[in-house]
Amino acid sequence: MALRQIRIEGDEILRKNCKEIKEITENIKVLAEDMIETMKSANGVGLAGPQVGILKQIVVIDVGEGPMVLINPKIVKTKGEQLNPEGCLSIPGKSGEVKRPAYVKAEALNLDGEKIVVEGRELLAVALCHETDHLKGRLFIDIAENIVQD
């Protein structure tokens, strides 16, 4: 496992669409491990492929229940609304209030290529939305209100 460099706002890769992962290779598994280590080292709760310079649909999330790896995640259902402060490892020193769904249901593949369903509320719902946005080249600052420099 290795720490990967986290790309920072202004890096054009953060604004690009990611490609679907067609095959879960050993390289993808190593990437997932590296992303988890990088996320933990940076005290984050999520990290997406483009944040480490990889334009592939992969995200890792850990909201305190252990890390999960989501390959080709798609949000299939949302309910309700919540407004919370949000930040991003790729936008250090800035935060803002973001309106997100209160409940999110996502489908993805795990590292064994099996279809999984993840349902989340509160922080997990936010993380699922935030990280899947990264895969479409969207950053939280695109939808945040009251952005402040920390």
Taking the side chain as C-beta and beyond, is there a heavy-atom pair between T132 and L70 under 4.5 Å?
no

What do the steps show when you test N110 against I71 for side chain to side chain contact (heavy atoms under 4.5 Å, CB included), and what is the final call?
CA-CA 6 Å; N110 65 18; I71 309 274; over 6 Å; no

Looking only at heavy atoms, the pair that brings A125 and G120 closest together is CB-O, 3.5 Å

Within the 4.5 Å heavy-atom criterion, are P92 and I8 side-chain neighbours or not?
yes

Distance in Å, E131 CD paired with I58 CD1, rounded so as to fall on 0.5 Å steps:
11.5 Å

I need the minimum non-hydrogen distance between I13 and G53, along with the two atoms involved.
CD1-O, 3.3 Å

Using only heavy-atom distances, determine whether the side chains of E20 and N72 contain a donor-acceptor pair under 3.5 Å.
no

Distance, nearest 0.5 Å, that separates CD1 of I91 from CD1 of I6
12.0 Å

Criterion side chain to side chain contact (heavy atoms under 4.5 Å, CB included) on I54 and R4, from CA distance to verdict
CA-CA 10 Å; I54 306 294; R4 303 263 180 145; 4.1 Å; yes

Any non-hydrogen side-chain atom of I75 less than 4.5 Å from a side-chain atom of K105?
no

As a quick check of understanding, evaluate salt bridge (Lys or Arg N to Asp or Glu O under 4.0 Å) for D133 and R100, giving each step before the final call.
CA-CA 12 Å; D133 276 357; R100 301 276 192 191; 2.9 Å; yes

So CG of L135 and NZ of K16: to nearest 0.5 Å the spacing works out to 15.0 Å

I'd like to check T38 versus S41 (side-chain heavy atoms, cut-off strictly below 4.5 Å). Are they in contact?
no

Once rounded to the nearest 0.5 Å, what's the spacing between atom CG of N27 and atom CG of D34?
10.0 Å

Give the minimum heavy-atom separation between V126 and E86, together with the two atoms involved.
CG1-OE1, 3.4 Å

Indicate yes or no: at least one non-hydrogen side-chain atom of P73 is less than 4.5 angstrom from one of L128.
no

According to a 4.5 Å side-chain heavy-atom criterion applied to Ile, Leu, Val, Met, Phe, Trp and Tyr, with indirect links allowed, do V63 and V104 form part of one hydrophobic cluster?
yes

Check whether L139 and V98 end up in the same hydrophobic cluster, where Ile, Leu, Val, Met, Phe, Trp and Tyr are linked by side-chain heavy atoms less than 4.5 Å apart.
yes

So do the side chains of Q57 and K19 get within less than 4.5 Å of each other, counting heavy atoms only?
no

I want to check something: taking the side chain as every heavy atom from C-beta on, are N84 and E97 in contact at a cut-off of under 4.5 Å?
no

State, to 0.1 Å, how close P50 and L14 come at their nearest heavy-atom pair, and which atoms those are.
O-CD2, 3.8 Å

Do L123 and M68 belong to the same hydrophobic cluster, where Ile, Leu, Val, Met, Phe, Trp and Tyr are linked whenever their side-chain heavy atoms lie under 4.5 Å apart, directly or via other members?
yes

I would like to know whether D142 and R15 meet side chain to side chain contact (heavy atoms under 4.5 Å, CB included); could you show each step before the answer?
CA-CA 11 Å; D142 299 338; R15 293 299 189 170; 2.6 Å; yes

Test side-chain hydrogen bond (donor to acceptor under 3.5 Å, both in side chains), reference Y103, set E122, R121, E119, K79, output is E119

Over all atoms of both residues, closest heavy-atom pair of A48 and H134:
CB-CB, 3.5 Å

Flag yes if V69 and I28 sit in one hydrophobic cluster, no otherwise; membership is Ile, Leu, Val, Met, Phe, Trp, Tyr, and two members link when side-chain heavy atoms are under 4.5 Å apart.
yes

L89 and side chain to side chain contact (heavy atoms under 4.5 Å, CB included): which partner among L47, V45, V52?
L47

Trace of the side chain to side chain contact (heavy atoms under 4.5 Å, CB included) decision for K94 with C88
CA-CA 8 Å; K94 284 186 185 175; C88 180; over 6 Å; no

Approximate separation, where rounding is to 0.5 Å, of L3 CG and Q5 CD:
11.5 Å

Any idea which heavy atoms bring V59 and M35 closest together, and the distance?
CA-CE, 4.3 Å

Distance-only side-chain donor-acceptor flag, S90 / Q51, under 3.5 Å
yes

How long is the span from the CD atom in Q82 to the SG atom in C129, to the nearest 0.5 Å?
8.5 Å

Does any part of the side chain of D62, heavy atoms only, come nearer than 4.5 Å to the side chain of I36, both counted from C-beta?
no

Answer yes or no: is there an ion pair linking K29 with E33, defined by an N-O contact shorter than 4.0 Å?
no

Is there a path of hydrophobic side-chain contacts, each under 4.5 Å between heavy atoms, that joins I141 and I143?
yes

